[in-house]
Amino acid sequence: MAVIVQEKDFDLAAELKKLAGFEGTAGAVISFIGLVRGDASLLALELEHYPAMTTKALEEIEQMARTKWGLVDVRIVHRFGRLQLGEQIMMVAVSAPHRRSAFEAMDYIMDFLKSRAPFWKKEHGINNNIWVTANLDDEEALTRW
Amino acid sequence: MAVIVQEKDFDLAAELKKLAGFEGTAGAVISFIGLVRGDASLLALELEHYPAMTTKALEEIEQMARTKWGLVDVRIVHRFGRLQLGEQIMMVAVSAPHRRSAFEAMDYIMDFLKSRAPFWKKEHGINNNIWVTANLDDEEALTRW
Amino acid sequence: MTLKILYFAWLRERIGEPSEQVETNASTVSDLIAELRLRDERYDFAFSDLSSVRVAINQTLSDFDATLDGASEVAFFPPMTGG
Amino acid sequence: MTLKILYFAWLRERIGEPSEQVETNASTVSDLIAELRLRDERYDFAFSDLSSVRVAINQTLSDFDATLDGASEVAFFPPMTGG
């Protein structure tokens with residue numbers, strides 16, 4: 001059980017070593033990594049966040065998922081700052097007794113991270129810099145849960 | 001792009017190093033690990049498979065997922081033999097341009113692995129040994145796709 | 001009362017400050033926004049389309065009708081784009 | 001024709017062999033199963049509930065109506081439980 005917000009990169013393997021569930025308590029472990037995907041004109045991605053709120057918001061999301069699906073463990077790492085193409089933005093790892101609950105919990109956590117974690121992304125391009133607009137579908141996705 | 005069927009254990013981190021997508025081509029990487037989950041009476045899990053068919057079946061599933069969701073890369077490792085509590089049974093790693101396609105592809109691959117990969121599991125317990133019965137829901141899940 | 005107000009992303013850029021202390025008698029978030037908009041055209045511009053503005057009171061996501069009773073920190077920002 | 005027949009999981013255990021060569025004139029999988037069931041009660045028992053038996057012809061999942069034309073390897077097993 002951990003939420004980490006940091007500027008520096010993370011190592012999924014090292015995080016999985018700290019994840020409970022590999023001792024026979026979990027039947028499924030799912031991990032997700034979000035990356036800076038390049039397109040023709042993107043140079044870098046800047047992530048701004050609200051430090052006093054970020055950890056609190058992520059912990060709330062984690063706690064909700066934990067309770068809702070009886071997870072064995074959860075680890076969330078989210079970076080901020082200026083990231084280059086191909087760099088890791090964030091990761092979530094979830095361990096659960098069964099595959100189905102691990103999948104749903106991961107989907108839930110990602111949906112809430114999109115619209116309830118106080119991060120904002122600015123794409124630095126060759127020609128201009130643009131704040132990423134939140135997708136209306138992302139907000140709507142929360143009504144699924 | 002790889003399908004590996006082996007008796008020995010695997011290392012997710014090492015497999016992820018071989019997965020394409022971390023150079024800016026993928027926006028999302030999802031990995032799944034299936035584990036031998038313990039219950040009060042389970043001693044070990046035995047996995048039998050059909051060697052001449054297994055790799056072929058897994059490659060078909062991989063190829064379908066790749067085409068259907070335009071994945072950047074896929075790696076599937078599935079073990080056979082006698083596994084102890086907490087041991088890793090199999091893993092799938094998927095990289096895709098976007099989160100949604102990575103999620104759906106993983107779900108698809110797992111559904112097909114359940115019912116179309118020629119493996120059979122026998123639970124060795126304290127009191128008896130029992131072949132795991134396929135779940136009818138697993139077969140039905142394939143109709144989703 | 002004295003409020004600490006924070007701005008993020010393009011709200012921060014439009015207003016030109018990441019945070020400020022404000023002395024106000026506003027009773028709701030809406031009242032506070034109305035006060036700020038009168039103060040300078042930078043604020044008027046930043047708050048011109050409230051459908052793309054979100055607010056947190058004391059680090060908890062809230063809404064424009066919310067009372068400022070007990071508020072010490074109010075943050076304005078665009079819809080979040082985490083993950 | 002000569003067929004290689006493979007058995008897996010509890011079908012292998014009930015029949016007592018992982019594989020065998022069979023000389024047969026069966027034209028479909030169903031015909032082959034009928035022939036095998038007559039041969040010995042181990043087979044009769046193994047194939048007594050076909051709803052929990054699956055068949056692959058030349059390593060491709062097939063069904064009981066399928067022809068054995070061109071078949072060289074036929075495998076019988078319970079529903080798969082991979083993943």
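Throughout, protein chains are lettered first and strands after them, A, B, ... in sequence-line order, and every chain is numbered starting at 1. Quick caveat, the model's predicted, so the values are computed rather than measured.
With sequence neighbours excluded, the residues forming a salt bridge (Lys or Arg N to Asp or Glu O under 4.0 Å) with C:E20 are C:R39, listed by chain and number. In this structure, the ring-ring contact (aromatic ring centres under 6.0 Å, His included) partners of A:F80, at least two apart in sequence or on a different chain, are A:H49.
For chain C, the option among A:M110, A:K122, A:E139 with the highest count of heavy-atom pairs below 4.5 Å is A:K122. Considering only heavy-atom pairs separated by less than 4.5 Å from chain A, the leading option among C:P79, C:G83, C:A56, C:A75 is C:G83.
C:D63 has no carboxylate O lying under 4.0 Å from a charged side-chain N of C:R54, or vice versa, which leaves the two without a salt bridge. Ion pair A:E59/A:K56 not flagged as a salt bridge, since none of the NZ, NE, NH1 or NH2 atoms sits closer than 4.0 Å to an Asp/Glu carboxylate oxygen. Salt bridge annotation for A:E87-A:R79: present, with a cationic side-chain nitrogen under 4.0 angstrom from a carboxylate oxygen.
Scanning residues 4-11 of chain A against chain C with a 4.5 Å heavy-atom cutoff picks out nothing at all.
Both the backbone and the side chain of A:K114 come within contact range of chain C, with heavy atoms under 4.5 Å apart. Only the backbone of A:T133 comes within contact range of chain C, with at least one heavy atom under 4.5 Å from a heavy atom of that chain. When heavy atoms are compared at a cutoff of 4.5 Å, C:A9 approaches chain A by way of both its backbone and its side chain.
Closest approach of A:G125 and A:L43 over heavy atoms only: O-CD1, 3.5 Å.
Using cut-offs of 30° and 60° on the angle between ring planes, the pair C:F8 and A:W120 is parallel.
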Below 3.5 Å, can you tabulate the donor-acceptor pairs from side chains in residues 26-33 of chain A to any protein atom, sequence neighbours excluded?
residue : atom : partner : partner atom : Å
A:S31   : OG   : B:S31   : OG           : 2.5

